[in-house]
Amino acid sequence: MLKDYYADLHIHIGRTASGRAVKITGSKTLTLARILETASARKGLDIIGIIDCHSPEVIEELEHMIENGELHQLNEGGLCFRETTLILGTEIEIYDASCHGPIHVLAYFPTLIKMKEFSNWMREHMKNVHLSSQRIYCDGRTLQQKVRDVGGLFIPAHVFTPFKSLYGKGVLRSLTEVFDPLLIDAIELGLSSDTTMVSGIKELQPYAFVTNSDAHSLGKIAREYQKLQLEAANFTELKKALHAKGGRMIATNYGLNPLLGKYYQTVCAKCGEKVDEKEVKCEACGSNQIIKGVSVRIKELSDRVEDVRVRPPYIHQVPLDFIPGLGPRTVERLLKAFGTEMAILHTVTTEQLEQVVPHKIAKMIDLARNGQLAIEVGGGGIYGKIRYE
């Protein structure tokens, strides 16, 4: 029987248990143990992808947790922590002569043995395998084939953001310039885009779209996620869902309204003013350092064709920590009453919320989970904001 499972497949590790940096820009509190605890007890996620599991110290931590019985290996792939399944992943940067990178990609593996095999291979093609999102010294197709040979999944990451993405830099017209299209398992959209925006890009139609947090802190876990329909929470079922096999599927994508994304509109990198999409120079300060918005880049790539693939709904959901007036103490009261953020966002009624928080806050939460809050547009590396009406 198929059931619903909530999954965020792009979570970074900031530091190891010893304090060694993994994702340098990640929070020091973003450790393996705290990610697992937060995702399970606070967020209520059924599946998480931690994408720095290639780091040797992280592998040692995983082995230690397995030995202690805190994690156990699932027969169909993945590691189980309480009610949450960990999918072992890694984020890698490609930058070769053909791609004009850098381009970030995600790879996921079914077992720790497979992850260790891939990590050892990366050592031979990477300067510092301990860190997250490091440059690999091989071309995209070679990397794809190695991921497939080790039994992994390959997903280009946040493909439209202006920096470190497949389409973002504005040079590539097609993913085939870098990748073998048959060795791609899904496409990660990123915070400044959604299904409707990219529906006119013909070469993306064969792929499922995933929406993930790219969390650099504990609070950002599950700011974007998806609901999967699976028989169980494991690697094999996830793979089936990405390829819509046997009834498994991505049932719903939950993400920020792209207007909240920090790269939605085109702005001047020097002064931060909005720049018309056709301009190459900022009228306010005269600078030609323009950060092209994701909305503009997607228009350039669109083929003006109808997406023939049946896509799941994309719900513009605002995370709890984005909601004005919803402070940490109030969130804690809600969690104490209802258990997890997934429960608050999906199962708790407005009437139940009003038993714990004032009517105004309960109404804001209801509008936020249905994507009905007013928004100030983001761009140039600055997130959009929620506005009071």
Side-chain angles (χ1 to χ4, degrees), residues 8 10-12 25-27 104 157-170 187-199 201 209-217 219-225 253-285 287-302 314-326 345 364-365 367-389:
D8 178 359
H10 190 153
I11 301 169
H12 282 284
T25 56
S27 168
H104 282 192
H158 43 72
V159 294
F160 301 107
T161 52
F163 309 105
K164 301 181 179 180
S165 75
L166 177 63
Y167 298 115
K169 198 170 182 180
I187 295 290
E188 185 183 64
L189 293 180
L191 302 182
S192 298
S193 60
D194 65 12
T195 301
T196 300
M197 287 175 65
V198 306
S199 61
I201 302 177
F209 295 152
V210 293
T211 43
N212 300 309
S213 68
D214 194 359
H216 286 48
S217 65
K220 294 295 187 289
I221 294 173
R223 64 179 167 180
E224 295 204 345
Y225 57 97
N253 293 105
Y254 295 94
L256 298 175
N257 186 315
L259 300 178
L260 285 169
K262 60 182 181 179
Y263 296 115
Y264 179 81
Q265 65 182 349
T266 299
V267 303
C268 174
K270 186 175 181 180
C271 72
E273 287 295 315
K274 180 182 177 182
V275 178
D276 186 89
E277 62 184 73
K278 297 179 181 178
E279 297 295 329
V280 295
K281 183 179 289 188
C282 176
E283 291 185 359
C285 71
S287 172
N288 60 1
Q289 300 176 39
I290 305 302
I291 302 175
K292 185 182 292 185
V294 168
S295 57
V296 177
R297 182 65 178 130
I298 290 173
K299 287 180 183 177
E300 293 175 349
L301 293 163
S302 294
Y314 191 109
I315 306 298
H316 288 158
Q317 193 176 86
V318 176
L320 296 180
D321 63 354
F322 271 60
I323 301 174
L326 192 60
L345 291 170
M364 288 282 283
I365 293 172
L367 292 173
R369 59 189 180 182
N370 292 299
Q372 296 176 349
L373 291 174
I375 292 168
E376 291 181 8
V377 181
I382 300 174
Y383 288 107
K385 297 178 181 179
I386 301 299
R387 289 193 291 111
Y388 284 107
E389 286 292 90

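- Here the side chain of Asn253 pairs no donor or acceptor atom with the backbone of Tyr314 at under 3.5 angstrom.
- Going from atom CG of Leu345 over to atom CG of Asn370 covers 10.0 Å, rounded to the nearest 0.5 Å.
- If you take CG on Leu367 and CD1 on Ile386, they are separated by 10.0 Å, rounding to the nearest 0.5 Å.
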Can you list the steps and then say if Ile323 with Val318 is a side chain to side chain contact (heavy atoms under 4.5 Å, CB included)? CA-CA 7 Å; Ile323 301 174; Val318 176; 4.2 Å; yes
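- Between Phe209 and Ile187 there is a side-chain heavy-atom pair separated by less than 4.5 Å.
- To the nearest 0.5 Å, the span separating CZ on Arg297 from CZ on Phe160 amounts to 9.0 Å.
- Atom-to-atom distance recorded for Tyr263:OH and Ile291:CD1 is 6.5 Å, nearest 0.5 angstrom.
- In this structure, Thr266 has no side-chain hydrogen bond (donor to acceptor under 3.5 Å, both in side chains) partners at least two apart in sequence or on a different chain.
- At least one donor-acceptor pair under 3.5 Å links the side chain of Glu224 to the backbone N or O of Leu256.
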Output, in order, the C-alpha distance, side-chain angles, deciding distance and verdict of side chain to side chain contact (heavy atoms under 4.5 Å, CB included) for Leu189 and Thr195. CA-CA 8 Å; Leu189 293 180; Thr195 301; 4.2 Å; yes
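- Pairing each heavy atom of Tyr264 with each of Ser192, the nearest pair is N-OG, 3.6 Å.
- Among residues two or more places apart in sequence or in another chain, the side-chain contact (heavy atoms from CB on, under 4.5 Å) test is passed with Ser27 by Thr29, Leu30, Ser217.
- Legend: residues meeting side-chain hydrogen bond (donor to acceptor under 3.5 Å, both in side chains) with Ser193, ordered by chain and number and at least two apart, are absent.
- Note that CD of Glu188 is 6.5 Å distant from CG of Asp214, once rounded to the nearest 0.5 Å.
- Residues Asp194 and His316 meet the side-chain proximity criterion, which asks for heavy atoms closer than 4.5 Å.
- Using modelled atom types, one finds no donor on one side chain facing an acceptor on the other under 3.5 Å when comparing Tyr167 with Glu300.
- For the residue pair Leu326 and Leu320, the shortest heavy atom distance occurs at CD2-O, 3.4 Å.
- With sequence neighbours left out, the side-chain hydrogen bond (donor to acceptor under 3.5 Å, both in side chains) criterion links His216 to no other residue.
- A side-chain donor-acceptor contact under 3.5 Å links Ser213 to the backbone of His10.
- Note that CD of Glu283 is 11.5 Å distant from SG of Cys268, once rounded to the nearest 0.5 Å.
- Asp321 is linked by a side-chain contact (heavy atoms from CB on, under 4.5 Å) to Lys220, Pro319, counting only residues two or more places apart in sequence or in another chain.
- Looking at Ile290 and Glu279, their side chains never come closer than 4.5 Å, going by heavy atoms from C-beta outward.
- Aromatic ring pairs are classed by plane angle as parallel below 30°, tilted from 30° to 60° and perpendicular above 60°; the pair Tyr383 and Phe322 is perpendicular.
- Among residue pairs with one or both ends in residues 261-274, none qualify as salt bridge (Lys or Arg N to Asp or Glu O under 4.0 Å); sequence neighbours excluded.
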